[in-house]
Protein chains: 2
Amino acid sequence: MGHTQRGQCAKRISILDAAAEVFCREGFSGASIDEIAVEACVSRQTIYNHYREKETLFTAVVEDVMDRANAMLFSILSTFPDKSDHLEDDLTAFAVRLTKNCLCNQDGKFLRKLVQSEGERYPHLFETWRQHGPGKIGTALGALFARLSHKGVLRIDDFDLAARQFLALVNADLQMITLFGGTPTDEELESAARNAVQTFIRAYAGPASETAPRTPALAVVG
Amino acid sequence: MGHTQRGQCAKRISILDAAAEVFCREGFSGASIDEIAVEACVSRQTIYNHYREKETLFTAVVEDVMDRANAMLFSILSTFPDKSDHLEDDLTAFAVRLTKNCLCNQDGKFLRKLVQSEGERYPHLFETWRQHGPGKIGTALGALFARLSHKGVLRIDDFDLAARQFLALVNADLQMITLFGGTPTDEELESAARNAVQTFIRAYAGPASETAPRTPALAVVG
DNA sequence: GTCAAACTAGACACCATTGTCTAAAACGTC
DNA sequence: GACGTTTTAGACAATGGTGTCTAGTTTGAC
């Protein structure tokens, strides 16, 4: 009995992957169990075996994707070097990793589409996404910027705001591509990240590095 | 005969409005003609009378919303003052108008959700949105920033990039709210706009790049 | 090989939805 | 008031999806 777990597990994964694909492509109501079964190379009954009904399957898929996305997110977050002597390059490379592996990959696309289209119908979905899923990417990034600000590398008042703006800037060039399902090329990711980081640093590095002391400049910052 | 146009027109509008509401809430496959008929206070046959089938209705709704959103967009764009002595305040007020009337209203929500969820299944929808609809908000804003840059008020290399970043920054604080269907309050709009504009100006008012010559414009902006 | 568990294929009832059709009613014009 | 058009309510067939059931097959442990 013990080893059948393997087979079961393989089926489960196969079903979850196929379901994620189909739900993402067709939305919840547009997706049919038969379609998922075919894509997963599994009989329909097997799906009803593991997940009582369509709704249960959908919830399981969302949890699965969120867990994976969450793990990937923190794995990426930890890759920012403790000390960086080329802030722009390090931030750019970091932004590329973030977009490539979290924001613009299949899981990111799934969550963006599904939270958007089904978030109102499943409020708990949105809540989970915000608290346990990639929704907290903002606060996590905020912690990173707090570190950088503490070291004097950046000059930031509101860390969470800076994090939101950083993400927004990185997405600025990618939205057109990701909005209708496309996947950005490496060049596009690189360019988007570079644009975003340059603007971000211009806004938050300020004259600290090269000009007079900061105190009277407060008027500029407002 | 001539005056029946009025009645017909009223029905059409009623149907389009109700359909937009339901399509937005339920998605294309989730929306049922009966539901739309009830919401429009119209019999189902009347809908099939005006629009041959569900698909036709959907297309008509999208065109209708896009036309309205487009008109509103250009109406708002023209409100930016020709000469502004308080750039931050003027940009902020402008951003508030833009979000309130274009990005975060019912039409904006509809387009965001529908282009996202049905854009892959209706490529022409996405194309129309990008070329004739609010998708060109970017280039329109780019023209505005080109003007500001020419006047020396801002220092911008790539106008379209600046426009994308401006929009992204404005959305940074609103995404969490709009993502699951909420409508931001006036205070939230105001705060989001202020945060965005301050960062935008810090990035684009100062010396363009590290080695660029400096102008006294910095003081004027603050 | 044996056995139990899991999987498959297909049939099935049930329900919601689309799109058509018809007869009656409402409306606006003359 | 008469007439043509539009709208309405409801019945209708056709379709497609959900979830159940059954009978037969595969799978893996012992």
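By convention in this document, chain letters (A, B, ...) are assigned in the order of the sequence lines, proteins followed by strands, and residues within each chain are numbered from 1.
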Visitor: CD1 of I137(B) to CG of L73(B): how many Å apart, nearest 0.5 Å?
Guide: 5.0 Å
Visitor: Indicate the ring-plane relationship of F80(A) and F94(A), choosing parallel, tilted or perpendicular according to the 30° and 60° boundaries.
Guide: perpendicular
Visitor: Output the rounded distance in Å from CZ (R12(A)) to P (dA6(C)).
Guide: 11 Å
Visitor: Counting side-chain heavy atoms from C-beta on, which of dT8(D), dT18(D), dC7(C) comes nearest to T46(A)?
Guide: dC7(C)
Visitor: Where the side chain of S32(B) is concerned, which of dC7(C), dT8(D), dT18(C) is the nearest nucleotide?
Guide: dT18(C)
Visitor: Give, for atom CZ of R112(B) and atom SG of C104(B), the distance between the pair rounded to the nearest 0.5 Å.
Guide: 6.0 Å
Visitor: Rounded to whole angstrom units, what separation is found between the CD1 atom of I33(A) and the P atom of dA9(C)?
Guide: 16 Å
Visitor: Using OP1 and OP2 only, check whether a side-chain N or O of K11(B) sits under 4.0 Å from dT8(D).
Guide: yes
Visitor: Is a donor on one side and an acceptor on the other found under 3.5 Å between the side chain of K54(A) and the backbone of A31(A)?
Guide: yes
Visitor: Please state how far atom CZ in R44(B) lies from atom C1' in dG10(D), giving the value in whole angstrom units.
Guide: 8 Å
Visitor: Within the side chain of N105(B), is there an N or O that forms a donor-acceptor pair under 3.5 Å with the backbone of G108(B)?
Guide: yes
Visitor: Can you list, in residue-number order, the parts of residues 49-59 of chain A that come under 4.0 Å of DNA chain D, counting heavy atoms only?
Guide: E53(A), K54(A)
Visitor: I need the CZ-P distance between F28(A) and dG17(D), as an integer number of Å.
Guide: 14 Å
Visitor: I47(B) has an atom CD1; how far is it from atom C1' of dT6(D), in whole Å?
Guide: 15 Å
Visitor: Salt bridge check, E118(B) against K113(B): does any charged N sit closer than 4.0 Å to a carboxylate O?
Guide: no
Visitor: Assign A31(B) to base, sugar-phosphate, or nothing according to its heavy-atom contacts below 4.0 angstrom with the strands shown.
Guide: sugar-phosphate
Visitor: Between Q45(B) and Y48(B), just flag the one whose closest nucleotide in DNA chain C comes earlier from the 5' side.
Guide: Y48(B)
